[in-house]
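To start, the structure under review is shown below, and the notes come after it.
Chain A is the first sequence line, chain B the second, and so forth, proteins listed ahead of strands; every chain is numbered from 1. Only this structure's heavy atoms are used, side chains among them; waters, hydrogens and symmetry mates stay out.
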Amino acid sequence: MTNPIIKLENISFAYPGATEKILDSLSLEVYHGDRIGMMAPNGSGKTTLFHTIMGLCRPDSGTIEIFGSPVSTEQEFQAVRSRIGLMFQDADDQLFCPTVVDDVAFGPLNLGLSADEARDRAREVLATLGIADLENAITHRLSGGQKRLVALASVLAMEPSVLLLDEPTAGLDNGVKEKLVKILNHLDISYVVISHEFNFLTAITDRVFSMESGKILSDDEVRIHQHEHMHKLGNHPHKHV
Amino acid sequence: MTNPIIKLENISFAYPGATEKILDSLSLEVYHGDRIGMMAPNGSGKTTLFHTIMGLCRPDSGTIEIFGSPVSTEQEFQAVRSRIGLMFQDADDQLFCPTVVDDVAFGPLNLGLSADEARDRAREVLATLGIADLENAITHRLSGGQKRLVALASVLAMEPSVLLLDEPTAGLDNGVKEKLVKILNHLDISYVVISHEFNFLTAITDRVFSMESGKILSDDEVRIHQHEHMHKLGNHPHKHV
Amino acid sequence: MISEALAQGDSMIHRLDPCVRVVCAFGVSFALALSEQFGVLGLYLVFALVLVALASLGAGPVLKRLKPVLLFVLMIWVILPFTHEGEPLLRLGPLTMTRPGVELCLRITIKSVSILMVFIALLATMTVATLGQALHRLRVPDKLVFLLLMTYRYIAVIQEEYQRLLRAARFRGFVPGTNLHSYRTYAYLAGMLFVRASLRAQRVHNAMLCRGFNGTFRSLDSPLSNRLNPVFMTGVSALTLVLVVTELLWK
Amino acid sequence: MHISEGVLSGPVMMAGAALAVAGTAVGLKKIDYDRIVHVAILSSAFFVASLIHVNLGPSSVHLILNGVVGLLLGWAAFPAIVVALFLQAVFFQYGGITALGVNAVIMALPAVICYYLFSPFLNKGKKTVFAASFLAGAGSVFFSCLVLGFALYLTEKSFFEVSLLVVTANLPVMIIEGIVTGFCVTFFHKVYPEILPRPRGRSNP
Ligand SMILES: Nc1ncnc2c1ncn2[C@@H]1O[C@H](COP(=O)(O)OP(=O)(O)OP(=O)(O)O)[C@@H](O)[C@H]1O
Ligand SMILES: Nc1ncnc2c1ncn2[C@@H]1O[C@H](COP(=O)(O)OP(=O)(O)OP(=O)(O)O)[C@@H](O)[C@H]1O
Ligand SMILES: [Mg+2]
Ligand SMILES: [Mg+2]
């Protein structure tokens with residue numbers, strides 16, 4: 001068996017000043033080829049978990065190994081950060097350059113590519129996602145769905161080995177969701193996706209985890225949870241879907 | 001048959017400077033007791049529609065009647081605005097006062113109530129929504145779900161005759177969603193709700209509309225759309241829900 | 001980032017009417033800033049310490065908040081005594097400390113530390129929401145009070161937006177340095193903040209219109225009646241007056 | 001950039017307070033009810049932006065950006081800056097009450113001056129916009145230093161060296177502010193020109 005790409009072991013974390021542990025001896029392994037979904041209530045720590053993997057929240061205890069080597073200092077995290085593509089919960093937070101191509105090229109420029117190389121890389125990725133025509137569009141004037149795709153492009157332009165997607169579909173309509181499903185199913189990359197939508201998750205992942213009291217719950221518990229939920233809605237008059 | 005509360009007739013609207021019509025001879029009638037859902041792709045003009053009803057976007061052509069009388073000037077809109085409760089897509093935009101009670105009392109104060117009456121009204125509404133304990137909380141410290149409920153409270157404190165809710169559930173977990181479903185099903189008020197979530201909409205509304213090329217589509221078309229969508233997902237391996 | 005931790009307490013000062021606290025803070029601060037005599041300044045220092053004690057604030061939080069001014073004070077002690085001309089007091093190798101230099105430093109130190117302690121004890125112990133209300137009742141123009149409260153309200157929102165933007169930049173390999181790329185990136189981040197602030201302002205203005213706003217600000221007034229209000233007000237006024245008179249007579 | 005509490009002499013303090021009150025009054029008068037939310041939220045943005053630290057060799061300096069605020073708000077920059085400084089005092093104790101007036105003048109007066117000097121060039125070509133806003137950014141910091149130095153000098157003649165020191169120490173800051181303001185305003189120009197003031201004569205700042 002190969003080594004995990006991301007390996008968290010007994011990670012505990014509380015925000016400074018807070019007493020409650022958001023992550024409590026949490027362990028997680030992500031292997032090459034994994035396509036994992038994550039579905040858990042608001043505030044259960046999903047975003048915090050992603051930030052811990054990226055080295056933005058430093059755990060109080062536990063170890064993190066990424067690509068087989070332990071990371072704990074800012075230098076070590078900086079070295080691996082560009083190989084993990086994190087897509088934010090809100091695409092608006094991720095797009096800060098004036099035009100789409102500037103934004104997608106921002107990461108490659110930081111990786112040390114020349115301006116021309118970075119621009120070429122950006123164009124390539126935009127073409128792969130089918131949004132080549134947006135190249136010179138002003139980022140903040142894009143529609144919600146377009147922003148999401150550009151954010152994905154700007155993450156993919158770093159050529160990461162694994163993607164972390166934080167609620168990629170919140171506020172998106174079904175058309176854009178289906179486009180995302182297609183794109184993700186065609187990308188040859190491992191990913192972990194947070195979403196509150198079961199249908200979306202099942203369409204793009206092989207397993208769905210949940211989180212409760214700072215720990216990861218396995219597939220089975222999630223399934224039970226879902227049945228219960230659907231039952232509750234069943235009490236209200238609602239159309240057959 | 002009674003008169004419609006809101007009646008839009010042949011409304012056309014384009015943002016200044018833009019050529020494309022966001023609303024294109026759109027007509028809509030909302031009657032007393034109506035519980036309407038609205039589900040349409042991003043950028044199809046749902047928020048614009050709500051803003052047109054409130055007089056925040058002035059249509060280029062067409063007529064608006066609210067509570068039976070035509071409105072077109074700022075004065076006329078000001079007079080009816082407080083009787084329509086619009087809940088914004090982003091709760092942060094709506095909660096602009098420093099504390100929760102200030103915010104909920106802001107509307108009643110503008111309606112001419114005395115400070116004491118306004119405070120009482122605010123407390124009452126907070127109690128109805130089960131968040132009386134938040135009264136003196138600082139608005140910007142609230143969690144996403146709490147903000148949404150306080151925004152609803154601040155709209156309800158105006159005692160509107162009809163509610164317009166713009167994506168009240170975006171980014172909320174199922175717990176908060178269920179709470180909203182319960183609250184909305186117990187309120188004796190007409191409303192129009194925008195949401196991208198079919199389950200949520202069917203739980204709280206009697207009909208679901210959609211929008212396409214600047215016009216409203218009726219129930220049937222929406223239902224077909226949904227079936228189609230579910231079918232597509234069926235192609236991917238996914239768990240039974 | 002912005003914390004109003006000091007406002008949480010429940011001391012005698014916390015229970016006073018905010019208007020009384022604002023008026024006292026203004027009066028004492030200006031009287032203090034205009035004093036020159038060491039004796040009087042010493043008394044003000046004691047006065048400020050008493051106020052901090054009355055507000056039951058721990059030494060830790062107060063010292064933490066005094067840190068910027070303490071650093072400033074340290075800096076002037078290193079420079080001013082040696083650069084100021086006048087009667088020499090002490091020779092340290094090639095450097096000469098002058099008496100007027102030392103006196104000036106001492107005066108600035110006492111004044112700045114005392115004024116800030118008065119500020120911390122009386123004003124930092126209320127939330128900005130309360131402060132805004134107090135200013136409103138003290139007839140500060142509505143527009144200014146509104147500006148203060150609204151600015152306060154959105155600082156946290158915009159601060160979070162900035163943190164997320166910066167984080168996004170760092171996740172994409174941005175390492176700040178002294179170069180054009182870094183400055184441009186920061187300019188874009190700051191520019192984005194202003195753009196989003198402006199777009200948000202439009203939405204907030206709309207939200208206000210929807211809730212019946214028509215240009216007049218109304219607010220919930222909640223004066224705290226407290227037996228101590230007049231006592232405190234009189235006490236502080238009397239003490240300040242005595243100190244001002246002493247200062248004047250001393251000359 | 002500010003003067004600490006307890007440094008200024010009475011007359012300087014009072015003159016600063018009077019000027020600040022006057023500037024704020026003019027600014028408030030220019031803000032109508034449709035614009036007040038805009039001014040307030042831009043003031044929050046100014047507060048946050050001024051906490052941004054950028055590298056300068058081995059150390060770092062924080063941005064000031066009063067030039068940007070001046071260009072965006074004109075006279076309304078005065079009350080916006082006063083409010084932001086007051087909130088800084090409340091949250092960080094960067095100052096108290098008595099120096100607020102002088103500090104407001106230090107930051108806001110140059111902002112308004114730069115608005116009048118440079119905003120006419122903001123609807124020109126890209127290079128002109130960059131140059132004008134570079135000058136506005138660097139210039140407002142420079143003017144701020146001058147006002148600060150002048151206030152110190154009026155207080156105490158022996159502060160002359162300190163004043164000179166302030167100006168020279170801030171030379172690199174001026175350049176950084178110029179560059180950042182230049183990029184910032186060209187950013188507005190490209191992505192959201194509506195935020196920039198319209199050419200004067202048609203509407204009031
Ligand atoms: N910077 C912070 N400081 C203190 N507490 C925080 C901070 N960020 C998040 N929290 C708290 O940590 C908990 C977990 O937050 P997190 O954002 O990880 O949840 P989440 O599962 O991503 O929720 P959501 O579904 O709403 O995105 C929440 O209770 C939140 O209030
Ligand atoms: N202030 C504006 N100026 C110019 N164009 C705008 C403005 N606001 C919205 N638009 C455009 O109008 C169209 C409709 O926007 P609207 O916000 O009404 O869509 P929506 O259906 O609410 O979408 P979403 O589901 O993303 O909220 C979009 O194409 C948008 O880009
Ligand atoms: Mg999250
Ligand atoms: Mg919308």
Inset, instruction - Using the six-membered ring wherever Trp is involved, compare the ring planes of B:Tyr15 and B:Phe13 and label them parallel, tilted or perpendicular (cut-offs 30° and 60°). - result: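 Perpendicular, since the angle between the ring planes exceeds 60°.
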Inset, instruction - Classify the ring geometry between C:Phe146 and C:Phe213 as parallel (under 30°), tilted (30 to 60°) or perpendicular (over 60°). - result: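 Rings of C:Phe146 and C:Phe213: parallel, under 30°.
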Does [X] reach the side chain of [Y], with side-chain heavy atoms less than 4.5 Å apart?
X	Y	value
C:Met208	C:Met150	yes
B:Asn110	B:Ser82	no
C:Asp17	C:Arg137	yes
C:Met126	C:Val22	yes

Sort out for me which of [options] touches chain C most, counting heavy-atom pairs under 4.5 Å.
options	value
B:Leu86, B:Ile138, B:Asp103	B:Asp103
B:Val155, B:Leu95, B:Asp90	B:Leu95
B:Gly107, B:Pro108, B:Ser154	B:Ser154

Legend entry - Under 4.5 Å from a heavy atom of chain C, the part of B:Gln78 involved: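 Side chain only.
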Legend entry - Under 4.5 Å from any heavy atom of chain C - which part of B:Phe88: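 Contact with chain C is through the side chain of B:Phe88 alone.
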Let me check something: any side-chain donor-acceptor pairs from residues 59-68 of chain B under 3.5 Å, sequence neighbours excluded? List them with distances.
{"unit_1": "B:Asp60", "atom_1": "OD2", "unit_2": "B:Ala14", "atom_2": "N", "d": "3.0"}

Legend entry - Closest non-hydrogen atom pair, C:Met12 against C:Phe232: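 Heavy-atom minimum between the residues: CE-CD1, 3.5 Å.
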Inset, instruction - Pull out the residues in residues 169-189 of chain C that come under 4.5 Å of chain B, heavy atom to heavy atom, sorted by number. - result: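 So no residue qualifies.
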Inset, instruction - Give the intermediate values and the outcome of salt bridge (Lys or Arg N to Asp or Glu O under 4.0 Å) for residues B:Asp166 and B:Lys46. - result: CA-CA 8 Å; B:Asp166 199 345; B:Lys46 305 179 296 295; over 6 Å; no
Inset, instruction - Among C:Val157, C:Leu149, C:Leu209, single out the residue with the greatest number of heavy-atom pairs under 4.5 Å to chain B. - result: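 The candidate making the most pairs under 4.5 Å is C:Leu209.
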